[in-house]
Each structure stands twice: as structure tokens, then as C-alpha cells.
Amino acid sequence: MPLVLILNGPNLNLLGQRQPEIYGRETLADVDRDCAALGQSLGLDTSLRQSNHEGQIVDWIHEARDRAQAIVINPGALTHTSVAILDALNAFEGPVIEVHISNVHKRESFRHHSYVSLRADGIIVGCGTQGYQLALRRIAALLGYSAA
Ligand code: CA2
């Protein structure tokens with residue numbers, strides 16, 4: 001089955017432990033479990049990863065060039081700062097969907113700009129952790145493996 005990397009940036013390891021009013025109560029382990037189950041029903045393998053380090057995320061995007069057919073990425077705060085992640089994504093040929101749990105456009109103005117959006121084929125914002133599942137459904141449709 002095609003592999004989708006689900007990449008998460010700094011502080012998203014704290015999901016479900018702090019600021020539930022912004023990010024909800026689900027943990028990243030919950031997201032991983034839900035995405036794996038949905039992926040199976042859509043015909044997709046998933047690998048969810050999180051790092052607090054920009055270079056690690058760049059390395060995973062490079063790995064995806066050979067191993068994965070699509071990327072779902074929530075770069076966390078690196079969304080708003082990282083040209084390195086944008087450059088790495090530009091070297092990846094498959095579909096890329098950018099996810100933000102919170103509605104960044106309702107928040108501080110520094111969250112309104114995303115370098116990753118210059119590459120993303122789709123963006124899901126403010127749908128909570130459900131956004132990851134919406135992204136997987138879009139990937140399935142883009143890859144033509146499902147009518148989802
Ligand atoms: O809404 C999103 O998904 C963000 O990518 C989350 C980032 C933020 O910097 C972006 O502007 C929008 C922050 C992730 C921090 O995650 C936490 C989760 C729970 C508790 C504390 C932080």
C-alpha cells in the first residue's frame with residue numbers, strides 16, 4: 001500500500017496535555033491510532049512522527065522522496081519560520097497537505113503566514129485533530145486509491 005508520512009513539528013508532543021481550549025484533548029498517540037485505522041480503510045499505510053528539531057523534519061522529508069507517496073505535515077511554529085522545510089518539500093514530488101489544529105487566522109498575525117503553504121496542495125486549518133483524517137481522505141483522493 002502507498003505510504004503517507006504524517007509529520008509533526010515542535011511541541012506537538014504535548015498535544016492533549018496542555019492548552020486543551022486551543023488544541024483539544026486528543027494526544028498525538030490518539031491521532032496516530034485514528035489515522036492508522038482510517039488509512040487501512042482507505043488503502044494507505046501511515047507513519048506518524050514528531051520532532052522538536054527542524055533538521056530532523058527536513059531529514060524525514062528527504063526520506064519520503066524514496067519511501068513515501070504523500071506527506072501530511074503540521075510543522076507547528078516552524079510553519080511560520082522555516083525556509084528549510086519549504087525547500088525540502090519542494091524536492092518531494094507527491095501530494096502534500098498542510099494541517100493546523102487551531103484556526104491560525106483567528107490568532108496572532110505572526111501565525112497568518114506559512115512558508116509551507118507555498119508548496120502545499122491543500123491546507124486544513126481549525127478543524128481540530130480531525131484535520132489529520134480530513135487530510136488523509138484528500139490524499140487518498142489525490143492518489144486515486146479511493147473515492148473518499
Ligand atoms: O494549530 C496548529 O496546529 C499549529 O501548527 C500549532 C503550533 C503553532 O505554533 C502554530 O501556529 C499552529 C503549536 C503547537 C504546540 O502544540 C501544543 C499542544 C499542546 C500544548 C502545548 C502546545
Side-chain angles (χ1 to χ4, degrees), residues 2-39 41-42 44-65 67-143 148:
L3 175 65
V4 184
L5 291 194
I6 305 172
L7 303 180
N8 293 276
N11 298 307
L12 284 159
N13 53 309
L14 299 176
L15 208 58
Q17 299 172 38
R18 304 277 309 272
Q19 296 183 266
E21 68 286 359
I22 300 177
Y23 299 113
R25 296 198 177 277
E26 273 207 324
T27 66
L28 211 51
D30 295 330
V31 173
D32 189 12
R33 183 202 58 218
D34 292 348
C35 285
L38 177 64
S41 72
L42 294 171
L44 301 170
D45 278 330
T46 58
S47 174
L48 185 144
R49 303 167 188 190
Q50 186 276 332
S51 177
N52 294 325
H53 305 281
E54 183 176 23
Q56 176 65 83
I57 294 168
V58 169
D59 285 345
W60 283 334
I61 296 168
H62 290 176
E63 178 192 329
R65 283 160 47 80
R67 287 201 52 223
Q69 281 62 53
I71 294 174
V72 172
I73 185 164
N74 181 350
L78 294 171
T79 305
H80 318 298
T81 62
S82 180
V83 177
I85 289 176
L86 171 63
D87 287 347
L89 289 170
N90 277 331
F92 175 76
E93 289 187 355
V96 174
I97 305 293
E98 176 181 355
V99 170
H100 296 289
I101 298 166
S102 63
N103 180 356
V104 286
H105 299 290
K106 269 174 94 172
R107 302 180 65 189
E108 304 96 322
S109 60
F110 65 80
R111 296 185 203 274
H112 297 177
H113 176 264
S114 164
Y115 284 101
V116 170
S117 296
L118 292 166
R119 166 63 180 87
D121 298 295
I123 307 166
I124 296 168
V125 167
C127 295
T129 51
Q130 191 187 1
Y132 292 89
Q133 296 184 47
L134 297 172
L136 274 186
R137 289 186 185 280
R138 180 62 181 155
I139 293 286
L142 288 173
L143 290 177

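We number each residue from 1, following the sequence as shown. Fair warning: this is a prediction, and the values are worked out from it, not measured in the lab. Whatever order the structure lists them in is the order used to number ligands and atoms, beginning at 1.
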Which one of [options] has a non-hydrogen atom at the shortest distance from [atom]?
{"atom": "atom 22 (C) of ligand 1", "options": "Asn11, Asn8, Val125, Ile22", "value": "Asn11"}
{"atom": "atom 4 (C) of ligand 1", "options": "His100, Glu108, Arg111", "value": "His100"}
{"atom": "atom 12 (C) of ligand 1", "options": "Val104, Val116, Ile124", "value": "Val104"}

- Task: Give a yes or no answer on whether the side chain of Asp30 reaches the backbone of Thr27 with a donor-acceptor pair at less than 3.5 Å.
- Result: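 Yes, because the side chain of Asp30 sits within donor-acceptor range (under 3.5 Å) of the backbone of Thr27.
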
- More than 12 foreign heavy atoms under 6.0 Å from NE2 of His62: is that the case here? yes

- Message: Is it the case that atom CD in Glu21 sees more than 12 heavy atoms from other parts of the structure closer than 6.0 Å?
- Response: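 More than 12 heavy atoms, drawn from other residues, nucleotides or ligands, come within 6.0 Å of this atom.
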
- Query: Which residue and non-hydrogen atom of the protein lie closest to atom 21 (C) of ligand 1, and at what distance in Å?
  - Reply: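 Minimum-distance protein heavy atom for atom 21 (C) of ligand 1 reads Gln19 OE1, 3.4 Å.
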
- Task: Look at atom 18 (C) of ligand 1 and say which protein heavy atom is nearest, naming residue and atom and giving the distance to 0.1 Å.
- Result: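 Protein heavy atom at minimum distance: Tyr23 CD1, 3.5 Å.
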
- Task: Over 60° means perpendicular and under 30° means parallel, so classify the ring planes of His80 and His100, tilted if in between.
- Result: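 If you compare the ring of His100 with that of His80, the planes turn out parallel.
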
- Message: So is Gln17 touching ligand 1 or not, going by heavy atoms under 4.0 Å?
- Response: no

- What atoms of ligand 1 come within less than 4.0 Å of a heavy atom belonging to His80? 10 (C), 11 (O)

- Note on the structure: Numbered in order shown, the ligand 1 atoms found under 4.0 Å of a heavy atom of Ile101 are 1 (O), 2 (C), 3 (O)

- ligand 1 N/O within reach of Asn74 N/O, cut-off under 3.5 Å: yes

- N/O separation below 3.5 Å, Ser102 to ligand 1: yes

- Item | Asp45 vs Val4 side-chain heavy atoms within contact, under 4.5 Å | no

- Item | Under 3.5 Å side-chain donor-acceptor pair for Tyr23 and Asn11 |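 The answer is no; no qualifying pair exists.
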
- Item | Residue that, paired with Ile73, satisfies side-chain contact (heavy atoms from CB on, under 4.5 Å) out of Val99, Ile6, Ile57 | Ile57

